[in-house]
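Reading through the structure tokens given below for one structure.
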Amino acid sequence: MKDFKILQLLDKLQFLFVKMGIDYDIMRKILHIKLTMDERKVPTLFNQNAKKKENQTYSYIKSLWIYVLMGLILIPFISFGTQFLFQMSIVYVMVMFIIMTSMISDFSSVLLDIRDRTILATKPIHTKTLNAAKFMHILIYLSFLTVAFTAIPLIVSLIRHGIFFFLLTILELIFINILIVVMTALLYMMVLRFFDGEKLKDMINYVQIGLSLMLMISYQFVIRSFEFVNLDVHVNFHWWSILLIPMWFAAPYELLFNGNYSFWAIILSSLAIIIPILSIWLYIKLIPTFERNLQKLLSTSKSKKEKTNRLRAFFLQLICPTHEERAFYRFASLMMKQEREFKLKVYPSLGFSFVIPFIFMLNTLRDEHVDFANSMSYLTIYFSMLIIPAAVLTLGHSSKYKAAWIYKVVPVTDYSLLIKGSLKAFLLKLYMPIFIILSIAFCFIYGPHIIVDLCIILVVGWLYAIIGYLCFGYTIPFSEPYDAMAQGKSTMTIALFLLLALLAGLHYVAATFIPYGSIILLFIIVMVNVIVWKKVFTRQPKYLQ
Amino acid sequence: MEQQEILTITNLTKSYGNKNVLNGIDLHVSRGEIIGYIGPNGAGKSTTVKIILGIEGEYGGEIKLFGEDIRQSGATYKQRIGYVPEIADVYDNLTGYEYLTFIGQLYGLTLDLATHKSQTLMELFGVGEAYHARISSYSKGMRQKLLIISSLLHNPDIVFLDEPINGLDANSVMVFKEILLQLAAQGKTIFYSSHIMDVVEKISSRIILLHDGKVAADGTFEQLQKDNTEGTLERIFNQLTGFDRHQEIGEQFVTIVQEV
């Protein structure tokens, strides 16, 4: 095991911890082990792309470049003028957003680690030391993140506004980090108080999904955001500013550099200093309660009754004629709804596929004046299908893939029914809702004459899903580990994207150049669909051969 | 009741690469027997069961279940088998209800029947309140109860249990033993494999000891006592597997522990 630079840096601050009554040597040992363990895992944000095998020690540091890039967005806000209250509020909104989301998605596991209780709390270590180790563990990472995100903007600020501005910002960033760790801990404490551990894990999961989606979309908007920068906005203090935490941190700039000694400027500035310090005190006070509540993560979650719906049961009968297929339809819908890792992998792109047709539509909108009644740009809805290959690929995998032993034990003869049921569940539960909402929106924009085309696209989507599943190996759903997912599938993904382009092109040609082309095409695609769905499912999947 | 042979294994062999796990096992099992299936780690107990269930393929010899060679009978024979593996992964992001009805449906039960049966069984087992909770939040004993129920939902004729009472409290163990006796009285056959010798000794109507991929002993507890040392099953186990160093190893262990 190698030693860590950050710990050597921490050694310099040793006296601080000793003064607080913390056993520094023990804390350092704990931190050392934790950092070593962390080096061996991949942060959530990069799970999708990273090939684990390639680089076992995929460290957190290496993943920070993306935050360096994202930090560039702060530069114009820091440097363009002296409307500090407005500018710095925006800056701190972004900083806090990034730190908070990263805290929740990547470091919740640290805060909620119950192994600590069985492994460490049973040893003769003072609780104060344990809690300090936990707090420092998170703080180390958040400071890495903050440095990555703000280093370049900070240098710009040093040049533009001088050394005092620079120092003030550093001080405030430290305070913000502390405040965020405490706020998150308090938030979890509240959730654990009123709900159970499963609910909390669900909430964290949704934050992770939201973060991934935000990042995907923000790439599209980063460049455009510079257009807003030249707006001359003047922001004043109001009594309700006190509720806006980022504004607290913007107030000192107004106070010190613009000489605004108004009542609210002073109040908010002092909040920026007092609250973080107070929060540390509160954290120390409440941490024993928090640790006790953590036990709830181990206990059984509360039961909730399932509603049965006759109508839904009837529809299910229509969609899935056989018994096994229905069982698997239900099972797959539940897995897609409840397996957190699946959601984390698929839901962000699901949201993205909802947004991306609009983004492309806006792009064409900026270039020329579009006549919606005659435009073919509604074909951008094809972009919503980009998620199908990835989603269908994920469908074959699960974090609990070992539970698939059950398929070998049960007397199921036709395993293709399992795939059929799951694919139908995916199309109906995840793809169709998005497609239908998109279609309704597009009908409003382009007029109802596009309904035939939308039908074609819908049916193409079904076809595309089954082709995707075939190309990705045709395995039993939820039976392979996620690690196996990245291997050698990229060429296939590109091929599938090309196929999609081809299908969209075909649609364009048929609709533009052939009389009644859309209707003929719809007919053909439906026929192809029926044949493919029939033919494919005579094959038995890979897992059981 | 007439002796009806339900499972016949003839000269079963299995190897992984050039390592032989099973070296010719012969077994005849009748209806209503509770068989204590014991042996040291790596003796091939789980492997035998996995082969019978079709989880492991490519074996030598012949297995007849319900009078039919399992190589020929397709998957339908599994309808009559229940199975609790030792280390059982389950899709634990589902609730007990969702998992059990799913398994029940795969065994051909209707959703309504599977719901009714699984809920009642969970309640009888004292875990009714967890029925609609996620399995990931279950304790070890609750999980084990769920697995036991999932193996019995479809009313199988033969049940393979691998360490089934792991994590159950004493009361639940009593309930479970009674369930086994009742099942056997109904003519079901039970294969019970465990390392807890006291339990095996008490509930089994017949004990089969596997050692180095072979049947080392087969008979009732009394017969085994007669053929080997008198005393507990544990002693017989030690003798048959040729292990007598426990005292020596224990002493050494404690000596090292005392080095500070």
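Numbered from 1 within each chain, the chains take letters A, B, ... in sequence-line order.
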* Quick one: which of Gln79(B), Arg80(B), His154(B) has the most heavy-atom pairs under 4.5 Å with chain A, could you say? =>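 Option with the greatest count: Gln79(B).
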
* Asked: When heavy-atom pairs shorter than 4.5 Å are enumerated against chain A, which of Ile81(B), Thr76(B), Leu94(B) gives the highest number?
  ->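 Between Ile81(B), Thr76(B), Leu94(B), the count favours Leu94(B).
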
* Going by residue number, which parts of residues 99-109 of chain B are within reach of chain A, meaning a heavy-atom gap below 4.5 Å? ->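 Near chain A, by residue number: Tyr99(B), Thr101(B), Phe102(B), Ile103(B), Gln105(B), Leu106(B), Tyr107(B), Gly108(B), Leu109(B).
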
* To do: Return the set of residues passing side chain to side chain donor-acceptor pair (under 3.5 Å) with Lys50(B) (not counting sequence neighbours), or none when no residue passes.
  =>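 Listed in chain order: nothing, the list is empty.
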
Is atom [atom1] of [X] surrounded by more than 12 heavy atoms (other residues, nucleotides or ligands) closer than 6.0 Å?
{"X": "Leu318(A)", "atom1": "CG", "result": "yes"}
{"X": "Phe314(A)", "atom1": "CZ", "result": "no"}
{"X": "Lys177(B)", "atom1": "NZ", "result": "yes"}

Roughly how far apart are [X] [atom1] and [Y] [atom2], rounded to 0.5 Å?
{"X": "Asn93(B)", "Y": "Lys400(A)", "atom1": "CG", "atom2": "NZ", "answer": "8.5 Å"}
{"X": "Tyr91(B)", "Y": "Phe331(A)", "atom1": "OH", "atom2": "CZ", "answer": "4.5 Å"}
{"X": "Trp405(A)", "Y": "Leu53(B)", "atom1": "CH2", "atom2": "CG", "answer": "9.0 Å"}
{"X": "Asp89(B)", "Y": "Ser399(A)", "atom1": "CG", "atom2": "OG", "answer": "10.5 Å"}

* With respect to chain B, which residue among Ala327(A), Ala313(A), Ser398(A) yields the maximal number of heavy-atom pairs within a distance under 4.5 Å? ->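 Among the listed options, the one with the most contacts to chain B is Ala327(A).
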
* Among Lys337(A), Glu324(A), Glu339(A), Arg340(A), residue most engaged with chain B (heavy-atom pairs, under 4.5 Å) ->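 Between Lys337(A), Glu324(A), Glu339(A), Arg340(A), the count favours Glu339(A).
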
* **Qualifying residue, where the test is side-chain contact (heavy atoms from CB on, under 4.5 Å) with Glu98(B) and the options are Gln338(A), Arg330(A), Met335(A)** =>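 Of the listed residues Gln338(A), Arg330(A), Met335(A), the side-chain contact (heavy atoms from CB on, under 4.5 Å) partner of Glu98(B) is Gln338(A).
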
* Sequence neighbours left out, what pairs pass side chain to side chain donor-acceptor pair (under 3.5 Å) with at least one residue falling in residues 108-118 of chain B? =>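 Matches after skipping sequence neighbours: Ser118(B)-Tyr131(B).
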
* Can you say whether Ala114(B) sits under 4.5 Å from chain A via the side chain, the backbone, both, or neither, judging by heavy atoms? ->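 Answer is neither: Ala114(B) stays 4.5 Å or more from chain A.
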
* All ring pair (Phe, Tyr, Trp, His ring centres under 6.0 Å) counterparts of Tyr329(A), not counting sequence neighbours ->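 With neighbours one apart ignored, the set is empty.
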
